[in-house]
Amino acid sequence: ENIIKDDLQNNNFDKVHWNDVFSCCVSPFIKTIRDVNRIINAFQFKYSFMKNETNCIDLLAVTVAQIYDSSLYKWISNNIRILTGSMFSEKGISQIEQNNNKSKYIELFKKISKMQPEIAIQFVSALFPTFSWKIGGNNSTNYTNDELLQRQMIASRERSNIYFCLSLENITISKEQIL
């Protein structure tokens, strides 16, 4: 609460979205007080730079992925256009297609994620309504893209890449420079 007090005071905090994200993206990784401290420290650092550009709830979830499952974090970053695509098409999507998509992602997440595939699916679904819809999931965030943009959520096509700009994995620093 101390870290995000401005968001709380300005009513920029969606409690329903928080409940989904906390239960699917944060809670599964908290086993000890050390985990809490690790998440808070990393989040506080990122939030201090990005608070005016991102949704604090989504930033927390991305931070957790970056800390605890870098493979899933990279997959989300590399597939952001698919994850933020439109939920609506001319013909819609059948239950069979949704089941096939879910099976496909279960197999994919078995290969790339440290998480159990179902937890990885819940993680991604909590952040991306389009992904959730494509696999027949339940995402309580039924915002239009304009609302996602206004709320600066990761599921907004226009905002999503901002969440990955403080990724230090892609920066190479020589040992000499560090010393």
Side-chain angles (χ1 to χ4, degrees), residues 12-30 39 43 46 50 53-167 169-170:
N12 292 339
F13 192 83
D14 181 338
K15 290 179 183 177
V16 173
H17 185 54
W18 166 248
N19 288 334
D20 287 346
V21 169
F22 183 78
S23 65
C24 296
C25 304
V26 180
S27 179
F29 301 95
I30 298 176
I39 291 167
F43 172 71
K46 289 178 84 168
M50 303 172 76
E53 305 296 324
T54 59
N55 178 284
C56 64
I57 298 167
D58 292 354
L59 184 62
L60 177 62
V62 169
T63 302
V64 169
Q66 189 175 17
I67 294 169
Y68 289 100
D69 195 339
S70 60
S71 297
L72 181 64
Y73 172 84
K74 288 176 190 173
W75 182 85
I76 292 170
S77 176
N78 292 335
N79 291 279
I80 205 73
R81 290 293 155 220
I82 294 167
L83 295 170
T84 60
S86 174
M87 282 195 292
F88 308 104
S89 67
E90 292 177 26
K91 66 174 182 132
I93 185 170
S94 71
Q95 181 71 41
I96 293 170
E97 289 173 300
Q98 288 175 329
N99 291 340
N100 289 341
N101 288 339
K102 186 172 184 177
S103 296
K104 178 180 91 172
Y105 284 112
I106 285 173
E107 291 305 313
L108 174 71
F109 291 146
K110 279 181 185 176
K111 295 175 187 171
I112 66 163
S113 177
K114 294 178 185 175
M115 296 182 218
Q116 294 175 1
E118 287 291 337
I119 294 174
I121 283 177
Q122 290 175 357
F123 188 102
V124 178
S125 292
L127 295 174
F128 298 98
T130 298
F131 177 83
S132 183
W133 176 75
K134 287 179 182 176
I135 62 159
N138 265 345
N139 182 306
S140 60
T141 306
N142 292 320
Y143 299 125
T144 65
N145 194 58
D146 288 341
E147 290 168 323
L148 293 170
L149 178 61
Q150 178 188 9
R151 294 172 183 270
Q152 299 180 326
M153 296 174 82
I154 193 170
S156 164
R157 289 183 293 275
E158 293 82 2
R159 308 290 312 163
S160 55
N161 285 325
I162 293 169
Y163 285 83
F164 302 96
C165 68
L166 278 182
S167 180
E169 291 87 9
N170 299 331

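From a predicted model like this one, the values you see are computed outputs, not experimental measurements.
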S.K.: Applying side chain to side chain contact (heavy atoms under 4.5 Å, CB included), name anything that partners Asn79, two or more places apart in sequence or on another chain.
M.R.: Trp75, Ile82
S.K.: Please enumerate all residues that pass side chain to side chain contact (heavy atoms under 4.5 Å, CB included) together with Ser27, with sequence neighbours excluded.
M.R.: Phe22
S.K.: Which heavy atom of Ile112 sits nearest a heavy atom of Ser71, and at what distance?
M.R.: O-CB, 2.7 Å
S.K.: Applying side chain to side chain donor-acceptor pair (under 3.5 Å), which residue pairs with at least one partner in residues 109-125 are found, sequence neighbours left out?
M.R.: Asp69-Ser113, Glu107-Lys110
S.K.: Check whether any side-chain heavy atom of Gln152 lies under 4.5 Å from a side-chain heavy atom of Asp58, and answer yes or no.
M.R.: no
S.K.: Are Phe128 and Ile80 close enough that some pair of their side-chain heavy atoms sits under 4.5 Å apart?
M.R.: yes
S.K.: Looking at every non-hydrogen atom in both residues, tell me the closest pair between Val21 and Ala126 and how far apart they are.
M.R.: CG2-O, 4.2 Å
S.K.: When you measure from the side chain of Arg159 to the backbone of Met153, do you find a donor-acceptor pair of N or O atoms at a distance under 3.5 Å?
M.R.: no
S.K.: Might you point out which heavy atoms bring Phe123 and Ile76 nearest each other, and give the distance in Å?
M.R.: CE2-CD1, 4.1 Å
S.K.: How long is the gap from NZ on Lys46 to OG1 on Thr63, to the nearest 0.5 Å?
M.R.: 4.0 Å
S.K.: Side chains of Val124 and Tyr105, heavy atoms from C-beta outward: is any pair under 4.5 Å?
M.R.: no
S.K.: With rounding to the nearest 0.5 angstrom, report the CG to OG1 distance, Asn145 to Thr84.
M.R.: 7.5 Å
S.K.: If you compare all heavy atoms of Tyr163 against all heavy atoms of Met50, which two are closest, and at what distance to 0.1 Å?
M.R.: CA-CE, 3.8 Å
S.K.: Between Phe13 and Cys56, is there a side-chain heavy-atom distance shorter than 4.5 Å?
M.R.: yes
S.K.: Please list, chain by chain and in numerical order, all residues satisfying salt bridge (Lys or Arg N to Asp or Glu O under 4.0 Å) with Arg151, sequence neighbours excluded.
M.R.: none
S.K.: Listed by chain and number, what are the side chain to side chain contact (heavy atoms under 4.5 Å, CB included) partners of Gln150, not counting sequence neighbours?
M.R.: none
S.K.: Can you tell me how far the CG atom of Leu83 sits from the OG atom of Ser132, to the nearest 0.5 Å?
M.R.: 11.5 Å
S.K.: Distance check, rounded to the nearest 0.5 Å: Leu72 atom CG versus Ser77 atom OG?
M.R.: 11.0 Å
S.K.: Measure across Ala155 and Leu148 and return the closest heavy-atom pair with its distance rounded to 0.1 Å.
M.R.: O-CD1, 3.7 Å
S.K.: Would you please test Thr54 and Val62 for side chain to side chain contact (heavy atoms under 4.5 Å, CB included) and show each step?
M.R.: CA-CA 11 Å; Thr54 59; Val62 169; over 6 Å; no
S.K.: Over all heavy atoms of both residues, which pair between Ile57 and Asp14 is shortest? Give the atoms and the distance, please.
M.R.: CD1-O, 3.5 Å
S.K.: With sequence neighbours left out, write down each residue that passes side chain to side chain contact (heavy atoms under 4.5 Å, CB included) with Asn99, or none if nothing qualifies.
M.R.: Gln95
S.K.: What orientation do Tyr68 and Phe29 show, parallel under 30°, tilted 30 to 60°, or perpendicular over 60°?
M.R.: parallel
S.K.: Hey, what do you get for CG (Asn101) to OG (Ser94), rounding to the nearest 0.5 Å?
M.R.: 9.0 Å
S.K.: Report yes if the side chains of Arg81 and Asn161 come closer than 4.5 Å at any heavy-atom pair, otherwise no.
M.R.: yes
